[in-house]
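Before I ask anything, let me first share the structure, which is written out below as structure tokens.
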Protein chains: 2
Amino acid sequence: MSRSGADLALLLLGGFRTLVDDATAELARRGFDDVRPVHDFAMRAIAAGADNASELGRRMSVSKQAAAKTIAVLAERGYVAREPDPADARRKLLQVTSLGEEVMRQGEAIFDELRDRWLQQIGPDALADLEAHLTALVGPRPVRLDAPGWVAHDDGGGPA
Amino acid sequence: MSRSGADLALLLLGGFRTLVDDATAELARRGFDDVRPVHDFAMRAIAAGADNASELGRRMSVSKQAAAKTIAVLAERGYVAREPDPADARRKLLQVTSLGEEVMRQGEAIFDELRDRWLQQIGPDALADLEAHLTALVGPRPVRLDAPGWVAHDDGGGPA
DNA sequence: ATTGTTAGACAACAAGGTTGTCTAACACAG
DNA sequence: CTGTGTTAGACAACCTTGTTGTCTAACAAT
């Protein structure tokens, strides 16, 4: 019964990965095989007002160089456009293209469907509790999606 | 305030990262500043019987080359030792050193303390529920800790 | 003995991150 | 207007964790 703290961590990671892997697979099935959740996340930040690389970096708690790399990929694949900012010649204005918006729409729908499936499995009350408790525990920390070298151990059951 | 599926994913990631970041920081504070949770995880697998690179790769659902790289790091830092296997000249026997065992011990203690803190915050019942539900939702999938970009690489590379 | 499988090493490369350095452009004194 | 500081973005070197591909040595089994 009594689980270890490491199990808990693994469980959370497992939940996250289950969701994300399924979503990515489904997104690929729908024709977008070159987008990852990070990209979606970045597009959302751009759409929400982070319209230049430095700002995007700040919002994602990542260096501006890292942000620039992500943007380069996104631009290359046609999900965001870059134009010179008329108001500041240093800046390049970012804009999510209609293709990018389509990805965000589909991504959202897929994640919602996935959540719905969970809802069916454990019931609305349990899911609401889970979310509420997690929210309380995580607190108001900025969302970072990076992190080289994370996880912990398994213990007890042993990796199957 | 019905949340979106994406929020749920972010919440799970947030929970995981909270735990892991705190644990890594605490481990560093205790003198182990060159170990990451992945390393801990690998050591545990080794201790649990994955005593050669190929087997370790299999258990961690990762290529044997990736496993070999991790082992190289672990060996370099003195957490595992490699000796030739007398029974099979191809193999190199892996063994967690006493230093490695110390890390595992500390890591376990830290994670348990962290879980305890959560327990204090939301109560034993809520935590038990959270774990039970997550377990049900994640199902029996193998633990993978990889994922650059959080998801499938369409194409890993290799010599052209 | 030939044939097939496995372990491990080496190499090239992907994707995401980090610093550091540099230039162009802005902002704001004085 | 000019000097000084800050900011945006680009470029480059490098880290980490992963991926394939290729190769040799060693084992296994016909």
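First the proteins, then the strands, lettered A, B, ... as listed; each starts at 1. Computed over heavy atoms, backbone and side chain alike; hydrogens, waters and symmetry mates excluded.
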Reckon S54(A) has a side-chain N or O less than 4.0 Å from the OP1 or OP2 of dT7(D)?
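For dT7(D), neither OP1 nor OP2 has a side-chain N or O of S54(A) closer than 4.0 Å.
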| Carboxylate-amine/guanidinium proximity below 4.0 Å for D40(B) and R44(B) | yes
- Across the strands shown, which category fits S63(B) at heavy-atom distances under 4.0 angstrom: base, sugar-phosphate, nothing?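 Here S63(B) touches the bases of the nucleic acid.
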* For the side chain of R91(A), counting heavy atoms from C-beta on, which of dA7(C), dG9(D), dG16(C) is nearest? ->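 Out of dA7(C), dG9(D), dG16(C), the nucleotide with an atom closest to R91(A)'s side chain is dG9(D).
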Electrostatic pair R105(B):E108(B) at N-O distance under 4.0 angstrom
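Salt bridge flag = no for E108(B) with R105(B).
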| field | H39(A) side-chain N/O to dA15(C) phosphate OP1/OP2 under 4.0 Å | value |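 False: H39(A) side-chain N/O out of range (4.0 Å or more) of dA15(C) OP1/OP2.
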Output yes when R115(B) and E131(B) qualify as a salt bridge under the 4.0 Å nitrogen-oxygen rule, no when they do not.
yes
Fill in: Minimum-distance nucleotide (side-chain atoms of R58(B) versus dT6(C), dA8(D), dG8(C))
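Looking only at side-chain atoms, R58(B) lies closest to dT6(C).
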- prompt: With a 3.5 Å cut-off and just heavy-atom distances, do the side chain of K64(A) and the base of dG9(D) make a donor-acceptor pair?
  reply: yes
message = Just verifying a value: how many Å separate L74(A) CG and Y79(A) OH, rounded to the nearest 0.5 Å?
response =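 So the CG of L74(A) and the OH of Y79(A) are separated by 8.5 Å.
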D51(B) atom CG is separated from dA7(C) atom P, nearest whole Å, by 11 Å
Of dG18(D), dT18(C), dG8(C), the nucleotide closest to the side chain of K69(A) is dT18(C)
What is the distance, to the nearest angstrom, from the CG atom on D40(A) to the P atom on dG16(C)?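 Going from D40(A) (CG) to dG16(C) (P), I get 13 Å.
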Is there, by distance only and without an angle test, a donor paired with an acceptor across the side chain of Q65(A) and the base of dG16(C) below 3.5 Å?
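No.
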field: Whole-Å distance separating the CZ atom of R36(B) from the C1' atom of dG18(D)
entry: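 Distance, rounded to whole Å: 16 Å.
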Looking only at dC13(C), dC26(C), dT18(C), the nucleotide nearest the V62(A) side chain is dT18(C)
Practice item. Remember a base hit wins even if backbone is also touched, and classify A66(A) as base, sugar-phosphate or nothing at under 4.0 Å, heavy atoms. Key: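 Contact class for A66(A): base.
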Rounded to whole Å, the CD-P distance (E76(A) to dG16(C)) equals 12 Å
- Task: Give the nucleotide from the list dA9(C), dT18(C), dA25(C) with an atom nearest to the side chain of A89(A).
- Result: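 Nearest to the side chain of A89(A) among the choices is dA25(C).
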Note: contacts of residues 78-85 of chain A with DNA chain C (heavy atom, under 4.0 Å) are none
Q | 4.5 Å side-chain heavy-atom contact, I71(B) and L56(B) | A | yes
Between CZ of R17(B) and P of dG16(C) the distance, given in whole Å, is 15 Å
Calculate the interatomic distance between K92(A) atom NZ and dA24(C) atom C1'; express it in whole Å.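 So the two atoms are 12 Å apart, to the nearest Å.
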- Task: Look at E55(A) together with R59(A) and state whether they make a salt bridge at an N to O cut-off of under 4.0 Å.
- Result: yes
query: Between D34(A) (CG) and dA14(C) (P), how many Å, whole number?
result: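 It works out to 16 Å between those atoms.
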Here the distance between atom P of dC10(C) and atom CD1 of I71(B), to the nearest Å, is 14 Å
One should read off an interatomic distance between L134(B) CG and L12(B) CG, to the nearest 0.5 angstrom, of 6.0 Å
Please lay out, stage by stage, how E113(B) and R117(B) fare under the test salt bridge (charged side-chain N to carboxylate O under 4.0 Å, His left out). CA-CA 6 Å; E113(B) 281 166 31; R117(B) 227 151 67 195; over 6 Å; no
Out of dA7(C), dT17(D), dT7(D), minimum distance to the side chain of R90(A) belongs to dT7(D)
